[in-house]
Amino acid sequence: MHAPPIFRISLAPDRRRGSVLAVVAGLVLSLLAFVPQAPASAAPTLLSQGRTVTSSSQENGGTPAASAVDGDNGTRWSSAFSDPQWIKVDLGAAASVSQIVLRWEAAYATGYRIEFSSDNSTWSTAYSTTTGPGGTETLNVSGTARYVRLTGTARASAYGYSLWEFQVFGTTGGGGDPQIPGGGDLGPNVLVFDPSTPNIQAKVDEIFKQQESAQFGNGRYALMFKPGTYNNINAQIGFYTSIAGLGLKPDDTTFNGDVTVDAGWFNGNATQNFWRSAENLALNPVSGTNRWAVSQAAPFRRMHVKGGLNLAPNGYGWASGGYIADSKIDGQVGPYSQQQWYTRDSSIGSWGNGVWNMTFSGVEGAPAQSFPEPPYTTLANTPVSREKPFLYLDGNTYKVFVPAKRTNARGVSWSGTPQGESIPLSQFYVVKPGATAQTINAAVRQGLHLLFTPGIYHVDQPIEINRANTVALGLGLATIIPDNGVTAVKVGDVDGVKLAGLLIDAGTQNSQVLVQVGPEDASADHAANPTTVQDVFVRVGGAGAGKATTGMVINSDDTIVDHTWLWRADHGDGVGWETNRSDYGLRVNGDDVLATGLFVEHFNKYDVQWYGERGKTIFFQNEKAYDAPNQAAIQNGDIKGYAAYKVADSVTTHEGWGMGSYCYFNVDPTIRQQHGFQAPVKAGVKFHDLLVVSLGGQGQYEHVINNTGSPTSGTSTVPSQVVSFP
């Protein structure tokens with residue numbers, strides 16, 4: 001983002017599918033052939049008991065998949081009453097499987113397959129039948145697999161599939177991954193302070209001096225403060241720097257002082273204050289008001305400001321949007337020159353003003369709904385949310401706290417006893433610069449979570465997270481660069497993965513996708529335990545020439561994308577219409593996906609394409625690509641330009657709130673953009689509080705959404721708005 005022209009400051013339900021999607025047929029043949037035969041001569045071991053298990057569905061809360069591997073013949077898994085259904089166990093490592101025992105309840109399968117996989121993606125059939133007898137079935141099989149899946153294709157009754165026990169026998173060892181230790185130190189770029197640490201201010205100042213203007217530098221830092229009180233601190237936060245308290249709650253770590261972001265390095269312009277964060281601290285600002293003048297990719301999470309919060313730089317220069325979540329601001333939040341902002345699940349004393357688009361969901365003290373004047377979009381609650389995992393100290397032991405999912409959330413999650421799970425650091429592979437994708441993937445297969453320490457990581461194969469409930473947490477804007485055109489991160493179609501705090505930087509060879517959540521055939525219902533993508537940022541160009549066809553693809557149903565900035569660079573190194581080519585920012589194929597705080601900018605074609613049903617977006621901020629060379633370069637058939645946010649014609653239900661798109665065609669200011677938003681005109685497709693803006697008349701929009709909404713005109717940077725569509 002560049003600075004726009006001067007503008008005027010204006011003062012001022014649960015989703016769930018009714019049925020489970022079918023498992024895709026026609027599985028790819030594995031390189032390994034599995035055929036029924038006599039069991040191996042070595043005595044087999046029960047490998048499945050207590051292991052991670054997932055299923056396509058469950059009949060009710062009393063029949064979870066875990067009951068089929070708990071060794072108790074009095075508890076069971078049962079599925080929805082439809083075909084097909086599956087249950088899958090992760091053995092934790094590759095094993096030589098020799099026998100499967102199925103202990104059926106009365107609702108058994110007459111037709112089913114036993115399927116093996118080494119990667120939770122490519123499957124082969126080890127056994128199949130259309131004449132299953134029910135009762136207790138013992139199947140002799142042979143093959144090597146980590147994942148074993150039973151897929152039921154025909155039921156013996158009108159009920160679902162019901163198993164007392166799903167037992168996998170075999171042997172492990174000899175040829176598997178080497179054991180990777182969990183835990184360990186946090187590396188040289190995590191600086192840990194306690195109240196007795198000498199010269200805290202000098203060390204913080206040293207890091208800031210290095211990082212203040214290092215927009216595309218290689219430094220990465222996390223400043224971590226143990227619980228206690230710190231006096232006379234002014235922690236100025238530069239690029240690729242995160243500051244956080246190490247208590248379980250923000251008030252455990254208190255600064256009598258400030259955590260400051262200003263824009264002196266850029267002559268008072270805050271529109272490039274990216275890639276930094278503040279989390280889990282309480283502040284008593286020296287002046288009564290803390291300054292946090294940022295734009296994209298700079299989250300302010302789980303903070304308690306015992307005073308006011310100023311979101312503008314000194315001198316009230318330009319600032320271009322940001323994000324607050326799970327925070328309490330006792331005084332007033334003053335946006336001043338901030339063009340747009342999103343605040344979620346927080347508590348504020350009051351809100352000062354609005355410029356173009358101020359959006360709130362689940363915020364106590366938020367201003368009332370009033371778009372377009374003042375431009376406030378206010379939802380009383382956030383439909384579904386789960387706060388970002390964070391590192392903390394339990395006594396002298398490092399743990400990662402994973403907050404619980406909330407529905408219809410309002411206010412902070414930590415006002416009482418925090419709800420969630422604590423995972424010891426010993427259960428994490430602490431990733432440090434130099435680690436390979438092979439080792440990272442082996443750690444996940446072994447059963448470890450991932451904690452990326454601050455640094456830059458090149459990967460020559462995707463980081464694959466195929467185990468349910470895996471946490472992959474980055475500190476200090478840990479950065480992953482894919483080499484050889486691979487996808488940087490792939491998440492399986494599994495429950496509850498938490499992907500957080502990472503910057504994905506495109507490599508010089510084009511990647512088809514940089515971040516992929518769920519395989520193309522994803523179909524599992526994750527409503528009870530969704531995957532979350534939080535503070536995961538994508539960059540194409542800027543730090544050097546990079547290319548990617550699509551920044552992020554969400555295939556898994558029920559995924560929550562909570563604060564992301566997908567950015568095709570408009571400045572820096574390696575920037576040009578073809579030099580850092582990236583056609584698409586975000587593509588959503590999964591159903592029931594929720595985006596809260598969606599920032600997507602400058603892609604060559606569509607910034608967002610949404611194909612899944614029942615999607616929701618609360619706050620969207622976009623700029624079309626500045627560097628389009630001419631009208632022909634962006635012509636989309638008979639449509640002038642590609643919409644910033646397109647809902648596919650096939651979609652019947654979709655909803656969005658507080659959404660803006662801006663143009664600044666500085667190469668050819670005569671370019672016309674037909675609309676910012678494109679969607680089918682259907683009763684179930686609804687938008688609230690939309691706007692488009694021409695920044696200083698550098699190009700113009702003809703409409704806001706489809707052919708609805710007035711055109712922008714002139715050089716005065718006045719939004720064209722649509723309150724409700726259709």
Side-chain angles (χ1 to χ4, degrees), residues 16-27 34-39 44 46-49 51-91 97-117 123-143 145 147-170 493 495 521 523-528:
R16 193 175 182 94
R17 282 170 299 286
S19 62
V20 180
L21 296 177
V23 178
V24 176
L27 298 169
F34 298 92
V35 293
Q37 62 179 45
L46 177 59
L47 303 174
S48 54
Q49 190 162 310
R51 289 291 184 178
T52 298
V53 63
T54 53
S55 63
S56 56
S57 67
Q58 64 186 53
E59 179 182 356
N60 56 56
T63 60
S67 293
V69 295
D70 62 1
D72 184 346
N73 287 323
T75 62
R76 64 188 176 93
W77 164 71
S78 61
S79 75
F81 302 170
S82 61
D83 296 312
Q85 301 289 338
W86 54 262
I87 184 170
K88 174 179 64 181
V89 62
D90 176 0
L91 303 178
V97 179
S98 57
Q99 193 176 84
I100 306 289
V101 176
L102 306 175
R103 300 186 186 278
W104 293 103
E105 197 248 358
Y108 66 93
T110 57
Y112 65 87
R113 300 187 300 270
I114 300 295
E115 299 162 316
F116 289 173
S117 176
W123 295 86
S124 62
T125 299
Y127 176 82
S128 66
T129 183
T130 57
T131 58
T136 298
E137 296 184 61
T138 300
L139 311 173
N140 294 323
V141 295
S142 179
Y147 302 90
V148 179
R149 182 169 71 185
L150 180 150
T151 297
T153 55
R155 291 166 288 142
S157 71
Y159 298 101
Y161 299 91
S162 183
L163 280 167
W164 295 113
E165 286 293 299
F166 176 30
Q167 296 178 312
V168 180
F169 292 86
D493 191 18
D495 275 0
D521 61 350
S523 60
D525 183 339
H526 305 296

Heavy-atom pair of closest approach, residues Gln49 and Gly71: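 Scanning both residues completely, I find the closest heavy atoms to be OE1-CA, 3.5 Å.
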Heavy-atom pair of closest approach, residues Val97 and Phe116: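 Nearest pair, atom of Val97 first, then Phe116: CG1-CZ, 3.7 Å.
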Is the side chain of [X] donor-acceptor paired with the backbone N or O of [Y] at a distance under 3.5 Å, no angle test?
| X | Y | value |
| --- | --- | --- |
| Asp90 | Thr52 | no |
| Ser57 | Ala80 | yes |
| Thr110 | Ala156 | no |
| Arg51 | Val89 | no |
| Ser48 | Val168 | yes |
| Thr153 | Gly111 | yes |
| Tyr161 | Thr151 | no |

Any side-chain heavy-atom pair of Thr75 and Trp164 under 4.5 Å: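 Side-chain contact under 4.5 Å: no.
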Any side-chain heavy-atom pair of Ile114 and Leu139 under 4.5 Å: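 Counting from C-beta outward, Ile114 and Leu139 do come under 4.5 Å.
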Of all pairs that satisfy ring-ring contact (aromatic ring centres under 6.0 Å, His included), the ones with a partner from residues 54-79, not counting sequence neighbours: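 The answer is none; no pair qualifies.
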Any residue meeting ring-ring contact (aromatic ring centres under 6.0 Å, His included) with Phe81, in chain and number order, not counting sequence neighbours: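 Once residues adjacent in sequence are excluded, the partners of Phe81 under the ring-ring contact (aromatic ring centres under 6.0 Å, His included) criterion are Tyr159.
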Summary of salt bridge (Lys or Arg N to Asp or Glu O under 4.0 Å) pairs that have at least one residue in residues 151-165, sequence neighbours excluded: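 Every pair satisfying salt bridge (Lys or Arg N to Asp or Glu O under 4.0 Å) with a residue in residues 151-165: Asp83-Arg155.
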Any side-chain donor near an acceptor of the partner, Ser67 and Arg76, under 3.5 Å: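 No, Arg76 and Ser67 have no side-chain donor paired with an acceptor closer than 3.5 Å.
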